[in-house]
Amino acid sequence: MPRYDFKKIESRWQQFWEQNQTFQAADCVPGKPKMYVLDMFPYPSGEGLHVGHPEGYTATDIVCRYSRMKGMNVLHPMGWDAFGLPAEEFARQKGIHPRIKTEENISTFRRQLKMLGFSYDWSRELSTTDPDYYRWTQWIFLQIYDTWYDSHCVWTGPDGVQRQGRGRPISELPIPQDVQAAGQDAVRRYQDRHRLAYLSEAPVNWCPELGTVLANEEVIDGRSERGDHPVVRLKLKQWMLRITSYADRLAEELSELSWPESIKYMQRNWIGRSVGAEVDFRIAASEGSFEKWTEGRQAAGFMNEAEADVIRIYTTRPDTLFGVTYMVLAPEHALVDRLTTPERKHAVEEYRQTASLKSDLDRTDLAKGKTGVFTGGYAINPVNGERVPVWIADYVLISYGTGAIMAVPGHDERDYEFAKAFEIPIVQVVAPVGAQAGPADLQTAAFTEYGVAVNSGIWNGTPTADFKISITAELSARGLAREAVNYRLRDWLFSRQRYWGEPFPVWHELDADGNPTGLMRTDSPDSLPVLHPHVEDFKPTGTPEPMLSKAGDDWLYRTDKDGVRLKRETNSMPQWAGSCWYYLRFCDNRNSVNFIDPEKEKYWLPVDLYIGGAEHAVLHLLYSRFWHKVLFDRGHVSHPEPFKRLVNQGMILGENGEKMSKSRGNVVNPERVVEHRGADALRLYEMFMGPLEQVKPWQTSGVEGVYRFLGRVWRMIIDDRAEDVSLDEAVHDIAPTHEQLRLLHRTIRAVTEDIERLAFNTAISRMMEFTNEMTEQTVRPKSVLESFVLLLAPFAPHLAEELWAALGHQQTLAYESWPVSDPAYLVEDTVEVPVQISGKLRGRIVVPAGLSAAELQAFAEADQNVQKYIEGKAVVKVIAVPGRMVNFVVR
RNA sequence: GCCGGAGUGGCGAAAUGGCAGACGCGCCGGAUUCAAAAUCCGGUAGGUGUAAAAACCUGUGUGGGUUCGAGUCCCACCUCCGGUACCA
């Protein structure tokens with residue numbers, strides 16, 4: 001084999017690894033530190049692998065191969081996130097079952113990944129679409145369904161940390177007396193209202209084109225994230241997961257994680273915790289006097305649910321209560337009818353009608369101009385007894401806070417804009433302090449910053465922060481307000497209407513007439529999985545009626561032991577479900593009695609390194625953490641967080657610097673690169689392009705560069721003119737020179753440090769430097785080359801194995817010890833030190849290493865060029881840093 | 001609008017506050033060859049200067065600042081990329 005024949009080499013070693021199961025991980029190996037390195041598993045699309053995939057996958061593969069050589073027990077699995085719309089869309093067009101297309105796609109992906117020589121333990125492969133996998137997805141759903149959140153529970157978890165708030169079995173939910181008294185059905189309904197998985201009828205994002213509802217997270221500017229189709233709001237009964245119960249823990253426990261700050265920040269923002277107050281405004285037209293009502297409240301205190309004639313608002317600025325000039329209810333608010341006067345009825349109805357038809361897109365589009373109508377009704381401001389007009393407007397959302405606000409146009413931009421549009425008075429109650437002290441100019445804009453209170457009666461002069469606290473306390477004491485916390489995060493809309501997703505393991509009870517009673521039963525855990533029914537065609541129903549309702553009666557109905565007729569839940573789970581817990585199943589993918597063996601969970605978890613794209617910053621990573629915490633609370637996992645360290649690889653752009661896409665015609669096909677230059681060259685190039693986390697453009701000529709480097713490595717060791725693979729005549733089994741050892745150990749140190757930092761681009765540069773220098777040597781000691789081949793192995797494993805064998809080794813190098821750099825070879829005899837005059841570089845001196853500052857200065861002064869600059873000048877100061885530099889400050 | 005991140009040769013990029021541009025691509029010159037491919041060697045920030053050197057000047061988006069010394073730290077601004085947007 002004269003030339004570097006990557007085709008032969010790569011297929012040989014891929015076969016070798018497969019036959020010898022080189023990378024199969026053993027569970028729970030005593031005495032070896034474990035290392036769980038995970039890639040975000042791909043959706044196996046029909047397009048096949050994209051160059052973005054091998055970027056993260058190569059990075060993790062390098063870490064894994066390196067860690068094995070460092071003596072760690074490495075878990076490095078791969079699987080498929082294979083439920084989802086595209087396979088179903090294909091089925092709809094071609095009439096082929098989604099499972100068939102899915103399996104075909106998986107085969108392509110598997111073949112392409114194997115072609116790249118990643119050291120996955122393929123015996124742990126799984127797909128979210130395997131009945132044996134989604135059996136446990138359904139099981140976890142049942143766990144969530146069986147859980148309620150006890151926000152008062154203080155407890156200590158297996159991690160030894162004390163927390164407040166815990167997901168507990170629904171059977172432990174305290175049932176109030178009156179509910180208990182109302183009978184068994186009432187108790188069941190009460191429980192159902194407290195479960196972490198519950199049915200709710202609420203306006204949802206319905207996408208007619210995709211034939212499904214979407215989560216808030218999947219809707220961008222009123223259009224679907226997938227496919228960019230319009231989304232409208234529709235009131236439907238849907239499954240929700242109570243992720244908001246975990247909002248605080250999801251936000252707080254981020255701080256322990258080694259994740260990019262930007263991702264943590266995005267998650268915190270998404271959760272959007274805000275602290276403020278709920279304040280009650282009584283409707284002016286209510287029965288009885290306002291004074292009487294406040295006296296009653298003073299005695300009874302703040303009520304959990306306000307009376308039917310009270311508008312409860314949420315505000316983060318209770319200090320601006322004296323500046324309230326109007327109030328706004330969301331158009332869907334329950335009190336609108338009560339407030340609306342007969343003469344305003346027509347306008348209000350009309351507005352509500354238009355608002356309900358508006359999709360989020362329309363609402364955003366019209367964001368420039370605020371709309372709304374006056375209801376004709378008034379409420380009383382609890383701080384000063386003033387009558388405040390009540391409006392409805394769609395800039396107030398029914399789904400946030402209480403769905404009602406007090407409007408303070410002087411100190412809130414949105415209220416300001418609205419007040420300007422409808423000529424509502426603007427009152428200043430906060431004055432700026434500090435540099436910009438003086439009256440704020442409310443002619444052009446609201447003043448939203450903190451300051452001191454004005455026009456606020458006895459509170460005048462109170463700083464904003466103090467005022468917020470004291471007014472809340474005062475109103476609380478009078479039973480008119482309470483401190484409140486709100487989240488931007490909403491409960492997770494968890495049902496879809498499509499076929500190709502996990503069916504819910506839930507049944508609805510039917511009454512004698514075949515109508516649902518609202519009570520539910522679940523499939524027993526040991527009867528799982530609930531398989532998909534046979535369906536003839538995959539056209540969406542065109543209505544919000546789920547695809548699974550097309551199933552036959554034998555799937556849809558059954559009669560329980562007690563004679564109750566049941567209808568199956570026909571929604572399916574979203575694609576996020578399967579990806580929420582796959583990292584757990586990889587530890588124990590064949591277990592048929594448990595979703596994961598507790599011992600294996602304790603051993604492998606948490607994931608030590610998780611690499612994937614930043615596009616999953618909030619969705620997948622937040623959902624996963626949520627499920628994990630529920631499982632943690634219920635005692636099924638022993639760590640509070642699934643992913644200890646997260647790294648986002650940067651996107652690879654096309655050669656023109658634009659995002660790769662078919663329409664731009666700049667897509668690079670990794671399979672073609674492998675055909676021409678080999679897997680090692682592709683892997684090496686993707687790592688050499690630049691820092692892992694950085695966005696970087698593809699350069700075909702760059703692939704050539706690393707390919708040439710691999711050729712040089714080959715020729716450094718192998719005689720490329722010989723008939724068979726034999727060592728080059730320069731390679732000798734002799735003791736290396738000191739210089740050669742220094743070169744080697746410098747390289748070992750640099751490459752090791754760079755891998756630890758995931759700085760693969762510079763690691764490769766160092767190996768290039770080694771090769772350039774070693775190739776010049778006419779005598780190349782075998783031992784030095786052997787160490788070098790081990791350094792190269794994580795990056796270009798096929799070539800390294802081939803060279804390792806050529807150097808006379810019988811076994812794979814996958815478990816050889818990683819070379820250690822000996823500091824003895826790193827000490828230099830002499831160093832070159834720059835000399836500056838007043839900070840400008842004026843010379844370089846070569847001096848013995850280890851000089852003191854004074855000695856170094858003496859050497860520097862002796863330098864001719866330096867002399868020239870010092871002569872006749874006064875040396876004011878000399879800075880000499882041993883081994884680094886000398887600087888003479890002259891005047 | 002707000003919040004992140006980034007601006008360094010022709011290009012991808014290096015650089016614990018201490019020699020800016022390592023390494024690779026491209027380009028130029030040379031060797032090898034009948035010729036080419038492949039390979040190998042040398043050069044390559046811009047400028048002044050020189051027979052050639054030496055030497056000097058200017059350079060890390062722009063303008064200021066801190067420091068003996070700034071690509072790196074601080075302030076302001078510009079541009080690009082990403083996220084987010086009525087959340088009261």
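In the text below, chain A, chain B and the rest are named by the order of the sequence lines, each starting its count at 1.
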In whole angstroms, how far is the [atom2] atom of [N] from the [atom1] atom of [X]?
X: A:Glu449; N: B:rC2; atom1: CD; atom2: P; result: 12 Å
X: A:Glu769; N: B:rG24; atom1: CD; atom2: P; result: 8 Å
X: A:Lys659; N: B:rG83; atom1: NZ; atom2: C1'; result: 12 Å
X: A:Arg488; N: B:rC3; atom1: CZ; atom2: C1'; result: 12 Å
X: A:Asp754; N: B:rA13; atom1: CG; atom2: P; result: 17 Å
X: A:Lys840; N: B:rA55; atom1: NZ; atom2: P; result: 16 Å
X: A:Tyr707; N: B:rC25; atom1: OH; atom2: P; result: 14 Å
X: A:Met885; N: B:rG69; atom1: CE; atom2: P; result: 11 Å

Taking only the side-chain nitrogens and oxygens of [X], find out if one of them lies under 4.0 Å from OP1 or OP2 of [N].
X: A:Ser274; N: B:rA88; answer: yes
X: A:Arg844; N: B:rG18; answer: no
X: A:Lys696; N: B:rG12; answer: no
X: A:Gln699; N: B:rG24; answer: no

Pairwise [atom1] distance for [N] and [M], with rounding to whole Å:
N: B:rC2; M: B:rC77; atom1: P; result: 10 Å
N: B:rU60; M: B:rG10; atom1: P; result: 13 Å
N: B:rA15; M: B:rU84; atom1: C1'; result: 34 Å
N: B:rC25; M: B:rC78; atom1: P; result: 40 Å
N: B:rU66; M: B:rC74; atom1: C1'; result: 7 Å
N: B:rC23; M: B:rC40; atom1: P; result: 15 Å

Looking at A:Glu756, I want to see if its CD is surrounded by more than 12 non-hydrogen atoms of other residues, nucleotides or ligands under 6.0 Å.
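Enclosed.
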Under 6.0 Å from the CZ atom of A:Arg677, do we count more than 12 heavy atoms belonging to anything else shown?
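For A:Arg677, atom CZ is crowded (more than 12 foreign heavy atoms under 6.0 Å).
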Syn-anti status, with the boundary at 90° from 0, for the nucleotide B:rG17
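Here the answer is anti: the torsion falls beyond 90° from 0.
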Taking A:Arg746 first and then A:Glu773, would you say they form a salt bridge - that is, a charged N and a carboxylate O separated by under 4.0 Å?
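Between A:Glu773 and A:Arg746 there is a salt bridge, with a charged N closer than 4.0 Å to a carboxylate O.
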Can a salt bridge be assigned to the pair A:Lys264 and A:Glu261 using a cut-off of 4.0 Å between side-chain N and carboxylate O?
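The answer is yes: the pair qualifies as a salt bridge.
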Under 3.5 Å, which N/O atoms of the protein pair with N/O atoms of nucleotides 38-42 of chain B?
residue, atom, partner, partner atom, Å
B:rU39, O3', A:Arg715, NH2, 3.2
B:rC40, OP1, A:Arg715, NH2, 3.4

Pair A:Glu413, A:Thr448: side-chain N/O donor-acceptor within cut-off below 3.5 Å
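Looking only at side-chain atoms, A:Thr448 and A:Glu413 do not form any donor-acceptor pair under 3.5 Å.
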Distance alone, cut at 3.5 Å: any donor-acceptor contact between the side chains of A:Ser274 and A:Asn486?
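No, no side-chain donor-acceptor contact under 3.5 Å.
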Is the side chain of A:Asp728 donor-acceptor paired with the backbone N or O of A:Met716 at a distance under 3.5 Å, no angle test?
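Not at all, since once roles are kept as given, no pair shorter than 3.5 Å links the two residues.
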Okay, side chain of A:Glu832, backbone of A:Arg844: is any donor-acceptor separation there less than 3.5 Å?
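No, because the side chain of A:Glu832 does not come within donor-acceptor range (under 3.5 Å) of the backbone of A:Arg844.
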Which part of the nucleic acid, if any, lies within contact of [X], taking any heavy atom under 4.0 Å across all strands shown: a base, the sugar-phosphate backbone alone, or nothing?
X: A:Tyr265; result: sugar-phosphate
X: A:Asn486; result: nothing
X: A:Arg312; result: nothing
X: A:Arg268; result: nothing
X: A:Glu413; result: nothing

Both atom distances under 3.5 Å, Watson-Crick or G-U wobble: I'd like the secondary structure of RNA chain B as a dot-bracket string, with | for pairs made across strands.
(((((((..(((.....[....)))((((((.......))))))((((......))))..(((((..]....))))))))))))....
Geometric class of the A:Tyr400/A:Tyr314 ring pair [parallel <30°, tilted 30-60°, perpendicular >60°]:
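Aromatic pair A:Tyr314/A:Tyr400 classed perpendicular.
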Should the pair A:Tyr4 and A:Trp714 be assigned to parallel (<30°), tilted (30 to 60°) or perpendicular (>60°) ring geometry?
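Answer is tilted, since the angle falls between 30° and 60°.
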Centroid-centroid under 6.0 Å between A:Tyr326 and A:Phe418 rings:
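For A:Tyr326 and A:Phe418, the ring centres are under 6.0 Å apart.
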